[in-house]
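We use all heavy atoms of the structure for the numbers below, so side chains are in, but hydrogens, waters and symmetry mates are not. Chain naming here is simple, since letters A, B, ... match the order of the sequence lines and numbering starts at 1 in each.
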Amino acid sequence: MPELPEVETVRRYLAPVVEGRRFVDVEVRHPRTSRRNTNPADVADRLRGRVVERLDRHGKFLLGHLDSEMTWVTHLGMSGRVVIARPGDAEAIHTHFVARTDDGAEVRLVDPRTFGFVAVFTPEELVSQLNLGRDALSNLPRTPQLAAALDGRTAPIKSLLLDQRIIAGLGNIYADEVLHLARVRPTRPGGSLSPVEMAKLRRSIKPLLEAGIAAGGTSLNDLAYLLPDGQAGDYLDRLRVYGREGQPCRKCGTAIERVVVGGRSSFFCPRCQV
DNA sequence: CCTCCATCCTGTGGGC
DNA sequence: TGCCCACAGGATGGAG
């Protein structure tokens, strides 16, 4: 569920809590949460006693660089939420991971669907486990590189925007938003975009992600993504097409339509998007 | 390599 | 009210 803007919002909350702090206690409470480590017990063992030197983000992954050459990796999946609390604070149901800092802060992962995970990887494991393209916000490929990646591709452009190996960070909401701003239908084959469309698509990405971050992300409801302090992100009100089937396009007033592309709901304006 | 599809889960909301 | 189904912000692996 959380896409780049939501993960970046979490990172900004979490960085001051963990950077320079040592994890004095780590608990993995659900076996699925540590499944990405070959030896699941490694997650707690490699994290306990370590200092987080810097909290980074690549696409939708949170990357905590430890004082041990290893990287603490968190992915929120569809329903993951980071909660920053103090020991003893009431715990939400589905709290599957808890790490306490030497400062007395608790970092919790709440994840009903358990699609998210926490891992601690060696540099080699990190490379093999995270197969990511360049970050959509901080390292977006230039138009020619993007065009080269999409050249000859027959898959729908929407599906290719969701492919984290091409660009890392877009998810179902922001992919639809980007396509609306770029005036391209989600069903168009990736390789069919003209150079002008390609440039427009590329230009649409950063402003939308930045607007999402400025709003604290998109909270569709209060059971999935919320800010780490429990507040809702405000970008929902500003969505151009996502979830707005039957409602008027904010540009031209035409009713927004819904189609399924690559198994994912996709929303578009049949008039604005070609 | 590419494309498409099912799968991993829990919870909610709509239709009947 | 209760039941059943569709659907949900993601990533991956297998079939073809």
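- Classified by interplanar angle (parallel below 30°, tilted 30° to 60°, perpendicular above 60°), the ring pair H75(A)/F61(A) is perpendicular.
- The closest side-chain donor-acceptor pair between Y174(A) and T218(A) falls under 3.5 angstrom.
- A salt bridge does not link R183(A) to E197(A): none of the charged nitrogens lies less than 4.0 Å from a carboxylate oxygen.
- For R258(A), whose side chain is taken as the heavy atoms from C-beta onward, the closest listed nucleotide among dC7(C), dC9(B), dG9(C) is dC7(C).
- We find that E91(A) and R29(A) are joined by a salt bridge, their nearest charged nitrogen and carboxylate oxygen being less than 4.0 Å apart.
- T114(A) and R32(A) are linked by a side-chain donor-acceptor pair at a separation below 3.5 angstrom, with hydrogens and angles left out of the test.
- Distance, D111(A) CG to dC8(B) P: 16 Å, rounded to whole Å.
- With hydrogens and angles left out, the side-chain atoms of Y225(A) and E3(A) include no donor and acceptor closer than 3.5 Å.
- Under 4.0 angstrom from either OP1 or OP2 of dG9(C) there lies no side-chain N or O belonging to R81(A).
- The phosphate of dT3(B) has OP1 or OP2 within less than 4.0 Å of a side-chain N or O from R153(A).
- When each of Q129(A) and R113(A) is assigned the nucleotide of DNA chain C bearing its nearest heavy atom, the one mapping closer to the 5' terminus is R113(A).
- When the C1' atom of dT3(B) is taken as reference, atom CD1 of I157(A) falls 15 Å away, rounded to whole Å.
- R57(A) has a carboxylate O that lies under 4.0 Å from a charged side-chain N of E8(A), or vice versa, which qualifies the two as a salt bridge.
- Contact check, Q164(A) against dA11(C): a side-chain N or O comes under 4.0 Å of OP1 or OP2.
- In this entry the distance linking CG of L160(A) with P of dC1(B) reads 16 Å, nearest Å.
- Spacing between atom OH of Y225(A) and atom P of dG11(B) amounts to 22 Å, rounded to whole angstrom units.
- Residues satisfying the ring-ring contact (aromatic ring centres under 6.0 Å, His included) test with F23(A), not counting sequence neighbours, are W72(A).
- Following rounding to the nearest Å, L4(A) (CG) and dG10(C) (P) show an atom-to-atom distance of 11 Å.
- The interatomic distance linking R32(A) (CZ) with dA11(C) (C1') rounds to 11 Å, in whole Å.
- Residue contacts for G263(A): at a heavy-atom cut-off of 4.0 Å it reaches no nucleic acid atom on any strand shown.
- In this structure, K60(A) reaches the dG10(C) phosphate: one of its side-chain N or O atoms is under 4.0 Å from OP1 or OP2.
- Going from atom CZ of R264(A) over to atom P of dT7(B) covers 16 Å, rounded to whole Å.
- Between H75(A) and dA11(C) there is a side-chain polar atom (N or O) within less than 4.0 angstrom of OP1 or OP2.
- By the criterion of a centre-to-centre distance under 5.5 Å and near-parallel planes under 30°, the ring of F115(A) forms no stack with the base of dA11(C).
- Between the OH atom of Y174(A) and the C1' atom of dA8(C) there is a distance of 16 Å, rounded to whole Å.
- The separation of dA6(B) from dA6(C), taken at their P atoms, amounts to 13 Å, rounded to a whole angstrom.
- The side chain of E3(A) lies closest to dG10(C), out of dG10(C), dC9(B), dA11(C).
- The phosphate of dG11(B) (OP1 or OP2) has a side-chain N or O of H94(A) nearer than 4.0 angstrom.
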Secondary structure of DNA chain C in dot-bracket form (Watson-Crick or G-U wobble, distances below 3.5 Å, | marking inter-strand pairs): .|||||||.|||||||
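- Using a 4.0 Å heavy-atom cutoff across all strands shown, P189(A) reaches no nucleic acid atom at all.
- Proximity of S265(A) to the phosphate of dA8(C): a side-chain N or O atom is located under 4.0 Å from OP1 or OP2.
- For dT3(B), the OP1/OP2 oxygens have a side-chain nitrogen or oxygen of T154(A) closer than 4.0 Å.
- In terms of phosphate contacts, R36(A) brings a side-chain nitrogen or oxygen within less than 4.0 Å of OP1 or OP2 of dT12(C).
- With rounding to the nearest 0.5 angstrom, the CD1 atom of I173(A) is 12.5 Å from the CG atom of L4(A).
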